[in-house]
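This chain uses plain numbering: 1 for the first residue, then up along the sequence. Both counts, for ligands and for their atoms, begin at 1 and track the order of listing.
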Amino acid sequence: MTANNRIVSGMRPTGPLHLGHYFGVLDNWVELHKDHQCFFFVADWHALTTEYADPTRIKGFVPGLVQDWVAAGLDPARCVMFQQSEVKEHAELSLLLSMITPVSWLERNPTYKDVRDQLDEAKDLSTFGFLGYPVLMASDILIYRPKWVPVGQDQLPHLELTREIARRANHLWGDFFPEPEAKLTRAPKLPGLDGRKMSKSYGNAISLGEDLDGVRAKIKPMLTCTKRVRLKDPGEPDECNLYPYHLLFTPQEKCLEIAKACREASIGCGECKKIMGDNLTAFLEPFQERRKAFDANPDLAWDILRDGNDRARAAARQVIGELREKLNFNF
Ligand code: TRP
């Protein structure tokens, strides 16, 4: 078994990433890839579990995801960025693990139930593939035998299932898979522009690639604190939609100053938004800068993936080869 500092994680290519994704998980990837061996992949087969009726759209989101990763600070030279469906060994392991995974484990998975109920009106998710989502995810992970899996909070039930499947495989087939552990980001949650969870479908998100004038225009109409009806009414930063943004983008000392001024009604919401907007756009500027490489070379994202696919495939083949030996499926 490889006891190591390996990291594996993936994202589904279903649209541009926004600040919620960044602070929910991507900042963690960026930190971790500096001193761990990381495998990050585009989970296109997982996108297919919900987009199966129109699979042709998925391809369009694949290079965009790689661009968002690089824009956010992931260096393709320091990690393996690849595409799930290009490493067929994930599917082979998924098939093998499906043999030992009780259906009842899948049916009681809370993420499964949540997503199915949320999307059920628009899509029929009573499919074998959707029920088996966590088995494929377990395979994505276990095939690299990592130590850590950096994911958002919502993925924890899936990761617990991965660990249970690993344990069952080890029990039935003999020790083979180390049990991977979740790694959550330490960043505070960033709400959407309207205070609800940030989500593309709520229209309350700032995407990582958004142009900076667009970002400012979105900040202007943000609701702040309902206590501040008039300029002279004192506000309460802890009840304000804008203040969590200050906590992330404005230096701590300035945050304290602003909070005090808000409670004393000596700063207006307009000015407060302007300060936050300046800091947020300054934060996003390097993202825009790194994205330029892709404008100059439209094939770059695919080139990065091609290189990563080869490296991931080599690692995955090794483990599948060992597993076949173990199962006496080495014909
Ligand atoms: N389920 C994850 C999500 O929706 C994506 C994913 C697929 C994943 N396979 C994975 C994440 C393996 C981590 C490890 O975000």
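- Under a 4.0 Å N-O distance rule, the pair Glu86/Arg306 does not qualify as a salt bridge.
- Annotation: ligand 1 has protein neighbours Ser9, Gly10, Arg12, Phe41, Ala43, His46, Tyr133, Met137, Asp140, Ile141, Val149, Val151, Gln155, each with a heavy atom less than 4.0 angstrom from the ligand.
- A donor-acceptor contact closer than 3.5 angstrom links the side chains of His158 and Asn109.
- Classification of Arg263 and Asp238 as a salt-bridged pair holds, one side-chain N sitting under 4.0 Å from a carboxylate O.
- The residues Asp295 and Lys292 are annotated as not salt-bridged, no charged nitrogen and carboxylate oxygen being separated by less than 4.0 angstrom.
- In summary, Glu257 and Lys254 engage in a salt bridge, as defined by a charged side-chain N under 4.0 Å from a carboxylate O.
- Listed by first and then second residue, the salt bridge (charged side-chain N to carboxylate O under 4.0 Å, His left out) pairs involving residues 239-248 are Lys227-Glu239 (not counting sequence neighbours).
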